[in-house]
Structures are given as C-alpha cells and as structure tokens.
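Take a look at the structure below.
In this chain, numbering begins with 1 at the start of the sequence shown. Hydrogens, waters and symmetry mates play no part in the numbers below; they use all other heavy atoms, side chains included.
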Amino acid sequence: YDKEKKILNLYSCLGVSQQWYNKSKISLTGSLAEEAFKTGRPLILDNIQNSRRHSGKNLLKQHKFTTLILIPLILPDHTIGTISLYSSNPQKFRFIETDFLQNFSKQCTLALHVKQLDKKE
C-alpha cells in the first residue's frame, strides 16, 4: 500500500495471465480492499463478477473467476496490503474458516512488515 498516493501496488500474482500486471495500481478509495481494511476481516464474495467495485471485470471473465476471498494485511498503525484469492469454483472456498484466514493474514502481515523494516536499514 502506498500511503501517499492511496493506491495498492500489485506485488506478485500466481496462476493468472500477465495481463493482471496491467491492473497493477488500484485506488484504495471505494475499493473492496478499503472495505476489508475498515472491517479488519477477510471478505468472501461469491459473485465477484457482479461486484461494482472490482476494477478487473474483463480479467475475471477471461479466467472464469466467480469467487474472491480478499484478506487485509494490517497492523494497528500500518497498512501493508491485501491477498486476493480467486476461484472459478465457489465450492472450493466453502469450508475455509475465517478464523484461519485471520490468523494466516496476521502471519503474512508480520512477515511483510519485517521485510519492509529490513529494507529501510
């Protein structure tokens, strides 16, 4: 997350086409990520193609993605970013526990925060 510009920069993606990098900067204002940051919990969206706030509709259709889990990576005084997990089969996410996702996000957040601190030194 770039706090000055209020945008999320795409750091990495797996399992999708290179076209995802064309959407490498996402404005935080009015986005799904902003909602996830405000609630402090993962968002699970079963019908992502109909979401007005997702900016990559063509990419979703191209990959046949229907479901999104958006995991905020935040510390009390620092916003790191998000992890977005997409699926073309909503059943794959049915049994994921939100408690597990929250604990996983805490681990990822701490790891990325420490990595950022190391770069500054």
For [X] and [Y], which heavy atoms make the closest approach, and how far apart are they?
X   : Y   : answer
K23 : G56 : CE-CA, 4.2 Å
L70 : A36 : CD2-CB, 4.1 Å
G40 : I74 : CA-CD1, 3.9 Å

Q. Under 6.0 Å from the CG atom of N58, do we count more than 12 heavy atoms belonging to anything else shown?
A. no
Are any of the side-chain heavy atoms of [X] and [Y] separated by less than 4.5 Å?
X   : Y   : answer
I69 : I83 : no
N9  : S24 : no
Q62 : S17 : yes
Y1  : L28 : yes

(Q) Filter on ring pair (Phe, Tyr, Trp, His ring centres under 6.0 Å), then keep only pairs touching residues 32-57, sequence neighbours left out; what's left? (A) H54-Y86
Q.
Between T82 (side chain only) and S84 (backbone N and O only), is there a donor and an acceptor less than 3.5 Å apart?
A. no
Q.
Looking at Q49 and F65, would you say the former's side chain and the latter's main chain have a donor-acceptor pair under 3.5 Å?
A. yes
**Q.** side-chain contact (heavy atoms from CB on, under 4.5 Å) evaluation trace for T67 with N47
**A.** CA-CA 6 Å; T67 306; N47 196 352; over 6 Å; no
For the [atom1] atom of [X] and the [atom2] atom of [Y], what is their distance to the nearest 0.5 Å?
X    : Y    : atom1 : atom2 : result
T109 : H78  : OG1   : NE2   : 9.5 Å
L75  : K106 : CG    : NZ    : 11.0 Å
Q18  : C13  : CD    : SG    : 6.5 Å

Q.
Restricting to side-chain contact (heavy atoms from CB on, under 4.5 Å), what partner residues turn up for L45, sequence neighbours left out?
A. L32, I48, L68
Q: Mind jotting down which residue pairs meet the salt bridge (charged side-chain N to carboxylate O under 4.0 Å, His left out) criterion with at least one end in residues 45-56? Sequence neighbours excluded, please.
A: E35-R53, D46-R94
Hydrophobic cluster identity match, [X] and [Y], side-chain contacts under 4.5 Å:
X   : Y   : answer
I26 : L59 : no
L85 : W20 : no
L8  : L60 : no

